[in-house]
Every structure is written in structure tokens, then in C-alpha cells.
Amino acid sequence: MATKKITGSEAVILSLLEEGVDTIFGYPGGAIMPVYDALYDFDQKVTHILTRHEQGAIHAAEGYAKVTGKAGVCFATSGPGATNLITGIADAMIDSIPLVCITGQVASPLLGTDAFQESDVVGISMPVTKWNYQITCAEEIPEAIAKAFYIAQSGRPGPVLLDIAKDAQFQEIDFNYKKCKKIRSYIPEHPVDPFKVKAAAELIDRAKKPLLLFGQGVIIANAEEELKAFVEKTGIPAAWTLLGLSALPTDHPLNIGMLGMHGNYGPNIKTNEADLIIAVGMRFDDRVTGKVSSYANGAKIIHLEVDPAEIDKIIKTDVAVLGDAKKSLKMLTDNVNENSHESWLQEFHDCDAIENDKVINKDIYPSQEGLTMGEAVRIASEKTRHNAILVTDVGQHQMVASRYFKFTQSKSNVTSGGLGTMGYAIPAALGAQLGAKNRTVVTFVGDGGFQMTLQELGTIVQNKLPVKIILLNNNFLGMVRQWQQLFFDKRYSFTELQNPDFIAISKGFGMDGHKVTKRDELEDGIQKMIEHDGPYILEVVVQKEDNVFPMVPTGASVSDIILEA
């Protein structure tokens, strides 16, 4: 391949183009200014989104990655610019989101001198990146970027960070780009062991009360059709983790709902009655297992997982099938007998009837005064014909939206799972909208999380992104308040908020919107939001003490799930 002489900063942009990057989120500054200068000449080939804060840039990159399956890319400068990325990097690490973060750094002769805006971002980010590397010589740039994309997107995805010294951005090199396809000692995906598959199939064929738990690993592996084929052949009820949401259509007859602390009654209480648990692309998070010592003690455990570090980390397995979920599910389906478990499935339907009576109908079809979060979610899902991408922040509204929003296609749920990052939704929504330009993006956010990153409304408006935002306002940090009510004798310590005029603030950014406080205004308000040409915010004032049930109390067994206070 012919080479040409270019600067290190130009090599950054050309390398990204070689990787098919079409969107970059970032915020310029002194140490990365040469890269931004090079970017100036490529504005017809790549879109750069100027966020209002580096945290906004990285959460936007996460949202983009979640809906596209491609690595999200973000730029930041040195020092505070780089450190402002850390929360988003940690969020992406625990949620297995592929990101390539590129930060500027002070010139290499100044490293370690406490120069202006110098921080050891490689040291700081090491625990929360899949790989990171500091570049001090321009010749390293193409190879490092190729390696970064390969690591970020292969196996179990995750964030990588490249920290590029300013002098390396100015140096000239002969540019020659070669995509990375292999790294010695790095095994992103183990071959599926057919003997393990046969052992798993034997357990599945013998089981009387099997339960399948699927997580985001199914979506990452693009294994949605394989999952569907497996459950339909075996007749096994399937429940999803928070991040597995949308991998199986909500209305599929074998989709029995959400696992976890605020999941559905049936999947939680029946876990300890199952004689077989099949976990696919999920990591037995504490929010799913509750008290580990009393979790599924009567069940054999099969775990299909790409990351060997997750095997036996929380729950001891009887059969572990390492490898890509798309391949392992296909092999497993080929090896199991056709079956049905109608009486076992009926037990979940019986639980649904109990939950509908005690919780769901009261949430989504309330009779009392005051709006509920659940009815707002139900109406928004109906108005978008269950085809929208749902983006949520963190808190009560996140759990309610995950429970009541419905899905017909995968890669439709964008949320912060393992880290639980408030302030995530607004920037993640703009990233999701850029990644899925032809889909409706509906964002639910609480009044607490909204105030952490509301400046990104400016980014949404500047880029004319038709994001639809529903702000559920209860003037409280709602999830913390719920815990204080239930477990701290209603000692509401610093959880009540004196909120600003959210609609006035939004209009100050140039975003249209309005506020509803009554039930007879809600449906028309949501319809108006959906039909609006461009971004829109609808503030919905909900009950101040609207709690989320069911709930597995922290430290309790999943069998101890409660349906009401």
C-alpha cells in the first residue's frame, strides 16, 4: 500500500475514517487542538458533535454505540477534559459498551512535571478501561488506533482510551493503515466446546421447570433470532435483565418479564422453584440474584458466556459454555429436543394475575388523583406503537419505564445498568438519535438526573435532533426517598428538591415544550410531543410518593419480593 507524509493529528482522523467512523462526540481544548485542526478539513466525511461538557460527549458516544453496535468515539483535551470522561468510561466498562476515547496530553518532555492541565489519565482510567495506552510518537498512532477498535469491539466489548501527547500530534509520519485482526495473548472469543453443549442439552431435556435468563450479551452477539429459535423449540419461559430488554419482543408468548430488584413477580419468585437455570449473556448481578446464598439452590446452572471471568464469579455453574452467544445458542438449539412446559409457564401467568391486581393496573390505569409514572410510560409506548427507542436516566422512572414500555425490535433500550449513572439520559438520547436517525427516541428522565446534564439540551437543539423528552417531576430524588420511606422510618434526609421552571429553561435553549399536571391533559400532551417536528420536552408532574413495586429488599432473597408497602 502506498504511503504519504502527514502529521500525527491527520493520522488520527484518517485512521478513524479507515475504521468507518462517521460520528465523533467531543469538546476541544489546548492539548487536543492539533487533532481538531486536522478535523476541520474532513467535515464532509465525518460529523463532529460539540457537546456542552465532556461527560455529555462520552454518554452520547455510549448511546450511539448501544443502538448501532459500533464503537462510539469521543475526543477530549488533557487534565479536566480527560478526567471528565471517567464516569462515562466506568459506565461503559461495566455495561460492556464499545468506546474509543481519544484524549490530548501535554507534550512528552513535560510529562510528569505537573504541567498546565496535565493529569495521569492512563493511570486514572486503567481500572475502568479494557485497554489504554499513551502515545508519545506519531508513528504509533495508526497501529494504536487499529488495536483500540479491535479490542473495543471484539469479544466482550468495552471502552479503550488513547492519550496522545501534543508533540506527537505535530510530528510527521508516512501514513499506512492496517486494520488489526489479532493480538498475541488476547483471546476475545473462545471456540464453543461441543461436549459442553451436549452436556447442557442433556440437562435441558431432563428439566421439568427450566427458566432462561437472558442479558445484553444476546444483543451484543446479534443473537436475537437464535434466542427466539431456542425458546420456541424448547418451550422454556425466558426472563430478561435490565440490559437484555428488547432482545426478545415484549409480546412473545415465552417472554415472562424482567428479573431483579424491581422486576416482575413471577420471574423472581419462581427462580427458587426452577430445577434448571439457563443464563445467556448475563453476569448474575446482585440486583438480579438478591441474597446469593439463597439463590436458585434447587436448580442446576448452565451459563452461556463470552467472558471467562464471569463464569463462577457469583453463581457456581454446573455446565459453562464459553463462546459467542450466537454460535452457542445455535449449537444448543440443534442439540435439544423439541418440548413444551405449559403447566410451568402457566405458573408465571398466575403470578402475572397477582401482580396485575396488586401493582400493574394501579400503576398504568390509576383511579386516584395525581398522575403516576406508569401511566405516562404506558401512553408514550402506545403512541409510538411500541417501536421507539427508550432512553432512561437512573432512578424510579428507569424501573417504571423498563417495566411498562414495550418493544418490537432489538437495540431499543438505552440505559445505565451496572453503574447507575444519573445524568446519563439526555446526552445518551442525542447519541442514540444520531445512531438511529430514522427512529423515534423517547427519553424518560427524573427531575434529579435532568439537572445534572441539562446543558446538553443545547447540543440537541444546535444539531436539530428530534429527541422527545418526558420529564417525570416529583420534586424528590425519588428512588432514594423510596428507600428512606421503607427502610429509614421516613427520615427524608436531603432528598426533596426545590426545582426551577424546567420548561422556561428548555425554551431558553430553544427547545419547545409544555407542562401537564392533570390526567385529562396527559394523553394529548404526549401526542403533541410525538407529533412535534423537532426536539420537545414534556414535563409531567407526578405524585410525590409514587413508589416502584414489586421490590426485592436489599440483602433479601428473590423469594422475599414484596408487592406493596
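Count residues from 1 along the sequence. Here the structure is a predicted model, which is why all the values come from computation and not from measurement.
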Over all atoms of both residues, closest heavy-atom pair of Val128 and Ile89: O-CG2, 3.0 Å
Taking Gln105 for the side chain and Ser119 for the main chain, is one N or O donor matched with an acceptor at less than 3.5 Å? yes
Does the side chain of Glu305 reach to within under 4.5 Å of the side chain of Lys313, using non-hydrogen atoms? no
Give the intermediate values and the outcome of side chain to side chain contact (heavy atoms under 4.5 Å, CB included) for residues Gln462 and Arg52. CA-CA 11 Å; Gln462 180 174 349; Arg52 300 305 185 261; 2.6 Å; yes
For a side-chain contact (heavy atoms from CB on, under 4.5 Å) with Phe450, tell me which candidate from Asp393, Leu457, Thr443 qualifies. Leu457
Can you check whether Arg156 reaches Arg283 side chain to side chain, under 4.5 Å on heavy atoms? yes
Gly8 and Ala138 have their tightest heavy-atom pair at CA-CB, 4.0 Å
Exercise: do Gln398 and Thr415 side chains pair donor with acceptor under 3.5 Å: yes
With a cut-off of 6.0 Å (strictly less than), are more than 12 heavy atoms of other residues, nucleotides or ligands near CD of Gln485? yes
State plainly whether the residues Asp95 and Lys66 are in salt-bridge range, i.e. N to O under 4.0 Å. no
Can you sort out the partners of Ile187 under side chain to side chain contact (heavy atoms under 4.5 Å, CB included), two or more places apart, ordered by chain and number? His190
Between Asp37 and Gln169: side-chain donor-acceptor atoms closer than 3.5 Å: no
Is it true that a side-chain atom of Glu140 and a backbone atom of Ile135 form a donor plus acceptor pair closer than 3.5 Å? no
Give the intermediate values and the outcome of side chain to side chain contact (heavy atoms under 4.5 Å, CB included) for residues Glu118 and Leu110. CA-CA 9 Å; Glu118 181 190 3; Leu110 297 175; 5.6 Å; no
Report the C-alpha distance between Trp483 and Thr554 in whole Å, list the side-chain angles of each, state the deciding distance to 0.1 Å, and finish with yes or no for side chain to side chain contact (heavy atoms under 4.5 Å, CB included). CA-CA 10 Å; Trp483 281 51; Thr554 184; 3.6 Å; yes
Checking Ala401 now: which residues fulfil side chain to side chain contact (heavy atoms under 4.5 Å, CB included) with it, not counting sequence neighbours? Val377, Leu390, Thr392, Phe444
Closest non-hydrogen atoms of Val558 and Gly290, given as atom of the first, atom of the second and distance, are CG1-N, 4.3 Å
Chi angles and distances behind the salt bridge (Lys or Arg N to Asp or Glu O under 4.0 Å) call for Lys70, Asp22: CA-CA 10 Å; Lys70 302 191 300 182; Asp22 56 20; 3.5 Å; yes
Just how far is it from atom CG of Asn176 to atom OG of Ser15, taken to the nearest 0.5 Å? 10.0 Å
Side chain Tyr36, main chain Tyr27, donor-acceptor under 3.5 Å: yes
Does CG belonging to Asp41 count more than 12 external heavy atoms closer than 6.0 Å? yes
Testing the 3.5 Å rule here: is there a donor-acceptor pair between the side chains of Thr495 and Gln484? yes
What is the minimum heavy-atom distance between Ala115 and Val106, and which atoms define it? CB-CG1, 4.2 Å
Partners meeting side chain to side chain donor-acceptor pair (under 3.5 Å) with Thr129 (sequence neighbours left out): none
Under 3.5 Å, is there a donor-acceptor pair between the side chain of Asp447 and the main chain of Leu471? no
Can you tell me if Lys326 uses its side chain to pair, donor with acceptor, with the backbone of Ala221 under 3.5 Å? no
Rounded at 0.5 Å granularity, tell me how far CD in Glu54 sits from CD1 in Ile86. 11.5 Å
Quick one: does Ser154's side chain get under 4.5 Å of Lys130's, heavy atoms only? yes
Quick one: does any side-chain atom of Tyr177 pair with a main-chain N or O of Ala146 as donor and acceptor, under 3.5 Å? yes
Side-chain donor-acceptor pair present, Tyr424, Glu62, cut-off under 3.5 Å: no
Whether the side chain of Asp91 engages the backbone of Thr87 through a donor-acceptor N/O pair (distance < 3.5 Å, no angle test) should be reported. no
Straight-line distance of Phe25 CZ to Thr47 OG1, nearest 0.5 Å: 9.0 Å
Taking the side chain as every heavy atom from C-beta outward, state whether Ile301 and Lys316 have any pair of such atoms under 4.5 Å apart. no
Look at atom NZ of Lys327 and say whether more than 12 heavy atoms of other residues, nucleotides or ligands are closer to it than 6.0 Å. no
Rounded distance [0.5 Å steps], CZ in Arg481 versus CG in Asn547: 4.5 Å
Do Tyr133 and Lys147 have side chains that approach each other closer than 4.5 Å (heavy atoms only, starting at C-beta)? no
Heavy-atom nearest pair, Ala31 first then Pro34, reads O-CD, 4.2 Å
Atom pair CG (Leu85) and OG (Ser125), whose distance is rounded to the nearest 0.5 Å: 9.5 Å
Just do the side chain to side chain contact (heavy atoms under 4.5 Å, CB included) check on Phe488 and Ser493 with the steps written out, would you? CA-CA 10 Å; Phe488 292 87; Ser493 178; over 6 Å; no
Does a donor on one side chain and an acceptor on the other come within less than 3.5 Å for Lys179 and Tyr150? no
Under the side chain to side chain contact (heavy atoms under 4.5 Å, CB included) test, which residues partner Phe116, sequence neighbours left out? none
I need the minimum non-hydrogen distance between Val67 and Lys411, along with the two atoms involved. O-CD, 3.5 Å
Would you please name every residue forming a side chain to side chain donor-acceptor pair (under 3.5 Å) with Asp286, sequence neighbours left out? none
Under 4.5 Å between any side-chain heavy atoms of Leu477 and Phe494, yes or no? no
Output all residues satisfying side chain to side chain contact (heavy atoms under 4.5 Å, CB included) with Ser412, sequence neighbours left out; order by chain, then residue number. Ser246, Phe407, Gln409, Arg439
Looking at Asn463, Val391, Thr459, which hits side-chain contact (heavy atoms from CB on, under 4.5 Å) with Leu430? Thr459
Answer yes or no: are there more than 12 heavy-atom neighbours, outside Arg287 itself, under 6.0 Å from its atom CZ? no
Got a second to check how far Asn475's CG is from Asn499's CG, nearest 0.5 Å? 4.5 Å
Contact between Thr241 and Gln216 at the side-chain level, heavy atoms closer than 4.5 Å - yes or no? no
Do Thr103 and Ile32 have side chains that approach each other closer than 4.5 Å (heavy atoms only, starting at C-beta)? no
I'd like to know if the side chain of Asn132 and the backbone of Val122 have a donor-acceptor N/O pair within less than 3.5 Å. yes
Do His397 side-chain atoms and Asn473 backbone N/O form a donor-acceptor pair below 3.5 Å? no
